[in-house]
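Heads up: the structure comes next, in structure tokens.
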Amino acid sequence: KEKHKILHRLLQNSTSPVDL
Amino acid sequence: LHPPPLSPVTKIVSHLLVVEPEKIYAMPDPTMPDGDIKALTTLCDLADRELVVIIGWAKHIPGFSSLSLADQMSLLQSAWMEILVLSIVFRSLACEEELVYAEDYVVDEEHARLSGLLDLHVAILPLVRRYKKLSVEKEEFVTLKAIALANSDSMHIEDVEAVQRLQDSLHEALQDLEGGHNTEDPRRTGKLLMTLPLLRQTAAKAVQHFYSIKVQGKVPMHKLFLEMLEAK
């Protein structure tokens, strides 16, 4: 997980559709 | 007594249509001289921004967010390039032998040759031709994109049954879609699913292409793109 911290963080962020 | 509506779009498919990401722009740096480095820098920057969008999009696929965080990561790490490639392919369907990497970045063979993108161009075009032949529609495209993610054959899945349930629900959505509006070709669902091996081959070539660029170290790459490239 440490190696993939950006993906991990983005997935943990709120599921708000603002990302879209 | 009530005939089915002409184009019944399943609940999942209509949801996928709603959460489909907005258009994205490549915005090549006007201060950089034209050539390989500029083209690849533009594409790597575009891919990095698209990855953020893809991760946001994945969370809206019904059932994806119920998977464990580790399984969500594994699916995205396996399938991200397939999703990127499929998006380019769908944007390029209206063009003749051109690839629409973004609304403002449409590349023909000559441009590809001049900017070091010919290998990528030649790798992606057969997939465009394949989907053109099938006249794939937007409803089918959004469903296939979600199927590519759920069906990414990651070796690291913890809850195989949960991922199987996600695959089943998306497969069913595709079947319902075809059963509803394409009764003249009962094999259409199969035909669409049979495009996925070529998508995987094409994505593997694209990953290879960008991995060798990373190794050469001449093109700046953002952290998320690097992270996903290294996960492959």
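Letters go in sequence order (proteins before strands), and every chain restarts at 1. Bear in mind that the values here come from a model prediction, so they are computed numbers and not experimental data.
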For [X], does the [atom1] atom have more than 12 heavy-atom neighbours from other residues, nucleotides or ligands under 6.0 Å away?
X	atom1	result
B:Gln208	CD	no
B:Lys138	NZ	no
B:Glu161	CD	no

*Counting only heavy atoms closer than 4.5 Å, note whether B:Leu224 contacts chain A via side chain, backbone, both or neither.*
both
*asked:* Taking side chain as everything from C-beta outward and backbone as N, CA, C, O, which of these in B:Phe64 sits under 4.5 Å from a heavy atom of chain A? Side chain, backbone, both or neither.
replied: side chain
*Report yes if the side chains of B:Leu76 and A:Leu11 come closer than 4.5 Å at any heavy-atom pair, otherwise no.*
yes
Supply the atom-to-atom distance [X] [atom1] to [Y] [atom2], rounded to the nearest 0.5 angstrom.
X	Y	atom1	atom2	value
A:Leu10	B:Lys59	CG	NZ	7.0 Å
A:Ile6	B:Glu227	CD1	CD	4.5 Å
B:Leu69	A:His8	CG	NE2	4.0 Å

